[in-house]
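As structure tokens, the structure follows; a few thoughts come after it.
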Amino acid sequence: MAKKIVVASGKGGVGKTTVTVNLGVALSSLGLRVALVDLDFGLNNLDVVMGVENRVVFDLLDVFEGRCRLKQALVQSNDRKNLFILPSGKIDFSKHITGQNVKLLIEKMNSVFDYVIIDAPAGIDLGFHRAVSCADEALVVVTPNLTSLRDADKVVSILQSYRLDKVSLVINRARGDLIVNKKMISPTDIELLLKTNLIAILPEEDAVFLSSGTLSKKCDSYRAYRTFALNLKNGTKKLFDTTCKYSGFFGSIRRSIKKSV
Amino acid sequence: MKNKSREIMRVQNVIDSDRLNVGKGFTDLFVEDFSKLVQDYFEIEKQPILNIAKDKNGYKVEISFYTNRVKPFNSIVD
Ligand SMILES: Nc1ncnc2c1ncn2[C@@H]1O[C@H](COP(=O)(O)OP(=O)(O)O)[C@@H](O)[C@H]1O
Ligand SMILES: [Mg+2]
């Protein structure tokens with residue numbers, strides 16, 4: 001049985017697609033079989049962030065309308081045998097697709113994958129509900145600022161009306177230097193404000209912005225995503241510490257360098 | 001510190017007022033349903049009044065109404 005996880009946020013641009021891809025990569029490097037499903041119709045970017053856009057032949061609509069089989073629409077990652085994506089297509093044809101359709105399709109992946117991760121659209125419209133209705137669990141991505149937190153709170157309360165097994169919080173773009181300087185709301189504060197269990201803290205890092213698909217093992221984000229994947233797999237709650245780099249003597253030097261750039 | 005705690009307060013306030021903002025439709029419907037239930041047990045002349053206020057434990061929901069008489073139990077059954 002695949003675990004089906006929807007990645008939601010409320011506000012756009014906070015990193016849903018980025019989280020979907022990098023979490024997928026991290027889970028697949030633990031040896032798990034992973035499919036990433038793009039349900040952000042029209043604003044589909046999953047293939048691009050994965051770096052496989054040139055190999056997309058069919059998409060979800062083709063599967064629904066019988067032009068190809070599910071297996072043919074799945075695109076394998078460039079460097080991982082156990083990671084696939086299901087692209088959603090360039091046009092917003094979502095009006096013709098019911099939640100039931102998508103749900104049935106995702107059910108078909110049950111036996112082939114360990115994890116199906118669904119990239120949901122921003123907002124709380126039909127597309128969001130369609131994506132959530134396919135899932136057993138939800139991840140709510142937030143960035144540490146007012147607008148994102150406010151929207152996330154609404155999303156969390158809507159998610160509570162679905163019978164999901166779990167709703168967890170993912171904090172993206174955390175800046176250790178700003179948290180140490182008390183200029184950014186800390187992860188603990190966010191967890192308290194949203195009254196939702198925190199499952200991952202992901203640092204803000206240029207490597208994430210610049211990467212397509214795979215993060216270098218040297219960067220913080222690689223370790224943060226690995227911790228995240230292990231939490232999901234084992235039900236643990238280890239959180240990546242963005243602040244340790246900026247604490248102590250060397251930390252204060254790093255902080256002032258960061259400030260001056 | 002002042003930056004951060006002010007920011008947290010601000011987020012908290014915005015989220016609180018969002019959570020509380022249930023709209024008139026919601027309160028009207030709730031009061032209507034609730035008064036149906038109340039009228040099985042009490043004689044009331046005016047609709048119950050609903051009050052929601054935030055305190056440190058969450059939202060305190062108070063419902064108040066006046067009655068002149070508790071209905072005899074038998075009348076509930078038939
Ligand atoms: N942790 C991060 N550090 C740096 N850049 C990030 C991070 N997370 C996301 N981004 C960048 O932010 C932008 C929006 O992310 P995206 O995943 O497309 O958001 P969404 O899918 O929620 O609209 C992208 O350019 C992405 O590279
Ligand atoms: Mg996206």
Side-chain angles (χ1 to χ4, degrees), chain A residues 8-11 14 123-124 128 140-161 167 169 171-198 201 204 242-243 246-247 252 255 258-259, chain B residues 1-67 71 76-77:
Chain A
S9 72
K11 187 170 149 56
V14 296
I124 42 178
F128 163 79
V140 179
V141 182
V142 296
T143 51
N145 57 47
L146 178 57
T147 46
S148 164
L149 295 172
R150 179 189 199 183
D151 291 358
D153 190 65
K154 289 182 191 149
V155 166
V156 166
S157 83
I158 294 171
L159 288 172
Q160 261 140 24
S161 63
V167 176
L169 213 58
I171 298 175
N172 188 28
R173 310 194 84 138
R175 287 263 311 261
D177 56 325
L178 295 183
I179 294 171
V180 172
N181 282 337
K182 310 230 187 290
K183 293 217 163 95
M184 182 177 266
I185 302 184
S186 75
T188 326
D189 294 328
I190 294 176
E191 196 175 22
L192 284 172
L193 281 164
L194 298 182
K195 297 193 172 69
T196 306
N197 183 46
L198 180 58
I201 300 171
E204 156 115 5
T242 51
T243 59
Y246 299 102
S247 320
S252 67
R255 247 157 42 217
K258 193 113 186 184
K259 221 188 285 173
Chain B
M1 186 71 213
K2 58 180 191 293
N3 290 353
K4 193 184 96 161
S5 52
R6 207 189 299 136
E7 186 64 9
I8 292 175
M9 285 271 284
R10 200 169 150 229
V11 177
Q12 186 78 64
N13 286 339
V14 171
I15 287 179
D16 280 347
S17 60
D18 283 347
R19 282 182 189 161
L20 193 57
N21 188 5
V22 281
K24 193 162 160 26
F26 173 88
T27 38
D28 287 354
L29 197 65
F30 175 75
V31 169
E32 203 175 293
D33 278 350
F34 186 79
S35 77
K36 275 185 212 146
L37 174 78
V38 165
Q39 284 173 57
D40 283 345
Y41 298 83
F42 298 97
E43 276 182 8
I44 56 169
E45 277 171 13
K46 279 195 209 134
Q47 288 268 320
I49 295 165
L50 175 71
N51 231 320
I52 306 177
K54 165 102 180 112
D55 69 16
K56 64 175 192 313
N57 298 318
Y59 294 97
K60 186 167 164 195
V61 181
E62 283 177 329
I63 305 151
S64 54
F65 57 88
Y66 285 95
T67 182
K71 286 190 177 176
I76 300 167
V77 178

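If you're wondering where the values come from, they're calculated on a predicted model, not measured in any experiment. Lettering follows sequence order; numbering is per chain, from 1.
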Item to check | Identified side chain to side chain contact (heavy atoms under 4.5 Å, CB included) partner of Leu146(A) from the options Ile15(B), Val11(B), Asn13(B) | outcome: Val11(B)
Checklist entry - Which atoms of Leu178(A) come close to chain B, meaning under 4.5 Å heavy atom to heavy atom: side chain ones, backbone ones, both, or neither? => result neither
Checklist entry - More than 12 foreign heavy atoms under 6.0 Å from OH of Tyr66(B): is that the case here? => result no
Checklist entry - Just how far is it from atom OG of Ser157(A) to atom CG of Asp18(B), taken to the nearest 0.5 Å? => result 9.5 Å
Item to check | Heavy-atom pair of closest approach, residues Arg19(B) and Leu194(A) | outcome: NH2-CA, 3.9 Å
Checklist entry - Counting heavy-atom pairs under 4.5 Å to chain B, which of Ile185(A), Ile179(A), Leu192(A) comes out on top? => result Ile185(A)
Checklist entry - Roughly how far apart are Glu7(B) CD and Met184(A) CE, rounded to 0.5 Å? => result 10.0 Å
Checklist entry - Rounded to the nearest 0.5 Å, what separation is found between the CG atom of Asp189(A) and the CD atom of Gln12(B)? => result 10.0 Å
